[in-house]
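Step one of this worksheet: look at the structure below.
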Amino acid sequence: MISKSYVVFELGYSCYGIDAVAVQAIFAMPLIMPLAEFSADLLGVIYWRDEILPILNLHQRLGLRLPPFALSDSIIVVQWQDQSIGILANQVRDVWSVEVEKISNHLFKEPVDNSLKTRLVDGIIESEETLISLLSAERIVHEIDRIRGTLNPADCEQVNLAHLPFNVDQNRIAHLDQKAQALLRERTENLRQTIEVQEAIERVPMAVMGLEGERFGFGLEAVHEFTDIHKVTPIPCCPSHIIGNINLRGEIITLIDISSLIDLKASEKKLRKKAIVVRLNDITAGIVADEIFDVVYVHPTKVLATPVSAHSSKDEYLQGVAFYQDKTMSIIHLSKILTSEALVVNEVVSVT
């Protein structure tokens with residue numbers, strides 16, 4: 001069966017997906033500079049890789065209410081051919097692989113008039129929780145051409161990037177405290193770096209998860225996908241860190257709980273709702289989590305040694321600590337975790 005991968009995100013209380021192939025980047029929202037001359041369909045622009053990136057007001061375009069900006073908002077950069085545009089997402093949920101035949105698009109085929117050609121939604125898929133509207137990457141990117149078409153030619157002149165002042169509408173961030181506003185400015189400065197500088201930095205992409213109130217990160221190169229846990233099939237005669245199996249679109253994935261391995265004491269026995277599916281050589285497993293927060297890029301120089309006072313028995317499974325949103329994040333040595341003898345099931349069960 002043919003499958004496509006979609007980045008699934010939330011706008012308000014609705015879920016949308018966009019072809020993952022068209023997603024050029026995802027990063028935490030920086031300050032957005034409004035442009036008075038443009039329509040309400042454009043939130044403004046940001047600096048990104050030494051260029052000016054327009055940010056589409058997808059809430060406005062889809063008839064949704066735009067909530068106040070939050071630190072947890074993200075920018076998704078969508079590329080079609082040689083053109084890019086950013087969209088603001090209230091929460092990026094995961095990357096979901098979908099069988100093409102399960103996409104319902106009969107309502108969106110062969111538009112009969114020009115109004116239908118401007119629709120951004122070109123299909124719907126159904127998850128166990130909700131309906132997900134699939135957006136056309138091509139039409140989203142071409143929205144900037146439509147917006148430009150509503151302006152006078154004088155308003156569309158190229159600006160000099162080096163001399164463009166970054167004026168922020170303070171009303172948009174007035175509800176945030178000074179610490180949050182400072183973090184937005186820091187993000188903005190980081191995005192203004194040129195491509196050459198960014199590549200030289202060699203930041204490491206990491207998935208960030210929550211477990212028993214603590215933050216943990218590990219290299220994104222081994223992450224296959226994030227998924228919700230709905231139905232778990234227990235495996236008889238297994239130790240407590242083996243939660244059971246789930247069926248992930250026909251593939252059986254064994255869920256493991258690494259809490260005991262890294263000396264985390266569970267406050268109570270509970271069923272965790274999230275999992276990160278990882279693949280390392282011939283090992284495939286799902287690491288359970290309370291929450292999956294983000295994908296971030298961490299510079300190696302920002303990784304500090306694990307404090308001596310912190311869980312000394314788990315040191316061999318940690319590569320160090322870093323800061324994530326002003327909180328400490330322990331970085332997991334994933335290969336050591338997955339090949340640890342502590343996770344091997346070698347119990348012998350006698351049958352009488």
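- In this structure, Trp48 and Ile75 have side chains that are not in contact, with every pair of non-hydrogen atoms separated by 4.5 Å or more.
- By the side-chain contact (heavy atoms from CB on, under 4.5 Å) test, Ala182 pairs with no residue at all, sequence neighbours left out.
- Smallest separation of non-hydrogen atoms from Leu42 and Pro54: CD1-CB, 3.9 Å.
- Residue pairs meeting the salt bridge (charged side-chain N to carboxylate O under 4.0 Å, His left out) criterion with at least one member in residues 216-225, sequence neighbours excluded: Glu225-Arg249.
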* Starting from the C-alpha separation in whole Å, work towards a yes-or-no answer on side-chain contact (heavy atoms from CB on, under 4.5 Å) for Phe218 and Val223. => CA-CA 9 Å; Phe218 48 85; Val223 175; 3.8 Å; yes
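- Distance alone, capped at 3.5 Å, is enough to place a donor-acceptor pair between the Asp290 side chain and the Glu212 backbone.
- Interatomic distance, NE2 of His230 versus NZ of Lys273, reported as 9.5 Å (0.5 Å rounding).
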* Asked: For Phe216 and Ile287, what are the C-alpha separation, side-chain angles and deciding distance, and is it a side-chain contact (heavy atoms from CB on, under 4.5 Å)?
  -> CA-CA 12 Å; Phe216 295 91; Ile287 298 178; over 6 Å; no
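- Using a 4.5 Å heavy-atom threshold, the side chains of Leu131 and Glu126 count as touching.
- For the pair Ile242/Ile256, a side-chain contact is recorded, criterion being any heavy-atom separation below 4.5 Å from C-beta on.
- Ser72 pairs by the side-chain contact (heavy atoms from CB on, under 4.5 Å) definition with Ala70, not counting sequence neighbours.
- Under the rule for a side-chain hydrogen bond (donor to acceptor under 3.5 Å, both in side chains), the partners of Asp294 that lie at least two apart in sequence or sit in another chain are Tyr324.
- One hydrophobic cluster holds both Phe27 and Leu71 under the rule that ILVMFWY side chains link at heavy-atom gaps under 4.5 Å.
- Among Leu43, Leu58, Leu56, the one residue that satisfies the side chain to side chain contact (heavy atoms under 4.5 Å, CB included) test with Leu88 is Leu43.
- Atom CD1 of Ile87 sits about 10.5 Å away from atom OG of Ser74, to the nearest 0.5 Å.
- Annotation: side chain of Leu176 is not in contact with side chain of Leu183 (no heavy-atom distance under 4.5 Å).
- No side-chain heavy atom of Tyr16 sits less than 4.5 Å from a side-chain heavy atom of Leu120.
- From Phe69, atom CZ reaches atom CD1 of Ile32 across 4.5 Å, with rounding to the nearest 0.5 Å.
- With sequence neighbours left out, Ser335 forms a side-chain hydrogen bond (donor to acceptor under 3.5 Å, both in side chains) with His333.
- The CD atom of Glu138 sits 4.5 Å away from atom CH2 of Trp80, with the distance rounded to the nearest 0.5 Å.
- By the salt bridge (charged side-chain N to carboxylate O under 4.0 Å, His left out) test, Glu10 pairs with Arg93, sequence neighbours left out.
- Contact between Asn247 and Gly250 at its shortest, heavy atoms only, is OD1-N, 2.7 Å.
- Under the 4.5 Å side-chain criterion, counting only non-hydrogen atoms from C-beta, Pro67 is in contact with His59.
- With rounding to the nearest 0.5 angstrom, the OG1 atom of Thr254 is 11.5 Å from the CD1 atom of Ile283.
- Residue pairs meeting the salt bridge (charged side-chain N to carboxylate O under 4.0 Å, His left out) criterion with at least one member in residues 15-33, sequence neighbours excluded: Lys4-Asp19.
- Hydrophobic cluster membership is shared by Leu261 and Ile235, with clusters built from Ile, Leu, Val, Met, Phe, Trp and Tyr side chains linked at under 4.5 angstrom.
- Thr188 and Leu31 get closest at one heavy-atom pair: OG1-N, 2.9 Å.
- Note that the CZ atom of Arg139 and the CZ atom of Arg61 stand 10.0 Å from one another [nearest 0.5 Å].
- The heavy-atom pair separating His241 from Ser260 by the smallest distance is CB-OG, 4.3 Å.
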* Are Arg215 and Glu291 close enough, and set up right, to give a salt bridge (charged side-chain N to carboxylate O under 4.0 Å, His left out), and what steps lead you there? -> CA-CA 9 Å; Arg215 306 285 194 271; Glu291 296 179 86; 5.5 Å; no
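- Ile46 has its side chain out of reach of Met29: every pair of non-hydrogen atoms, C-beta onward, lies at least 4.5 Å apart.
- Evaluated for a side chain to side chain contact (heavy atoms under 4.5 Å, CB included) with Tyr6, the options Ile103, Leu135, Ile132 yield exactly one hit, Ile103.
- Among all heavy-atom pairs drawn from Ala322 and Ile331, the shortest one is CB-CD1, 4.1 Å.
- In terms of the side-chain hydrogen bond (donor to acceptor under 3.5 Å, both in side chains) criterion, residue partners of Asp228 (sequence neighbours excluded) are, by chain and number, Lys274.
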* Asked: After noting the C-alpha distance and the side-chain angles of Val7 and Ile26, does the key distance pass the side-chain contact (heavy atoms from CB on, under 4.5 Å) rule?
  -> CA-CA 10 Å; Val7 173; Ile26 301 174; 4.0 Å; yes
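- Shown here are the side-chain contact (heavy atoms from CB on, under 4.5 Å) partners of Gln79, two or more places apart in sequence or in another chain: Gln24, Ser84.
- Although no hydrogens or angles enter the test, the distance criterion places no donor-acceptor pair under 3.5 Å between the side chain of Ser136 and the main chain of Asp122.
- Remark: Ala89 engages Phe9, Ile76, Val92 in a side-chain contact (heavy atoms from CB on, under 4.5 Å) (not counting sequence neighbours).
- The shortest heavy-atom contact between Ser330 and Leu318 is CB-CD2, 4.1 Å.
- Listed by chain and residue number, Arg279 satisfy the side-chain hydrogen bond (donor to acceptor under 3.5 Å, both in side chains) test with Thr284 (two or more places apart in sequence, or in another chain).
- Taking Ile, Leu, Val, Met, Phe, Trp and Tyr as hydrophobic and joining them when side-chain heavy atoms fall under 4.5 Å apart, one finds Ile246 in a cluster with Ile229, Val232, Ile243, Leu248, Ile253, Leu255, Val277, Val288.
- At a threshold of 4.5 Å between non-hydrogen side-chain atoms, the residues Ile332 and Met209 count as touching.
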* To do: Begin with the C-alpha distance, continue with both residues' side-chain angles, and end with the deciding distance and a verdict on side-chain contact (heavy atoms from CB on, under 4.5 Å) for Arg185 and Gln181.
  => CA-CA 6 Å; Arg185 292 187 177 90; Gln181 293 184 29; 3.5 Å; yes
